Amino acid sequence: MRLLALELIFSLLDVRGHIPRFDDFRPVPASPAPAGIVHTLAAVIVVLAVLSLAIWAAVWVAIHLL
């Protein structure tokens, strides 16, 4: 289950699971594009929201089982 959650986070953040070859490196712009920053910020917010809801649900279930 942990690996599935980790794979989901990596796919949301568009992190690839391989070691890049030398040919895979492309020149990057001097400053990141604003759309890239917004995309990254949105992904971080979604991941934090999902983790917060998972913790809340676990605590809620634990309280109701007691």
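Quick caveat, the model's predicted, so the values are computed rather than measured.
- Other residues sharing a hydrophobic cluster with Ile45 under the 4.5 Å side-chain heavy-atom criterion for ILVMFWY residues are Leu41.
- Grouped with Leu53 in a hydrophobic cluster is no other residue, since no side-chain heavy-atom contact under 4.5 Å to another Ile, Leu, Val, Met, Phe, Trp or Tyr is found.
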For a quick test of your reading: what N or O donor-acceptor pairs under 3.5 Å do the side chains of residues 56-66 make, sequence neighbours left out?
| from | atom 1 | to | atom 2 | distance (Å) |
| --- | --- | --- | --- | --- |
| His64 | ND1 | Trp60 | O | 2.9 |

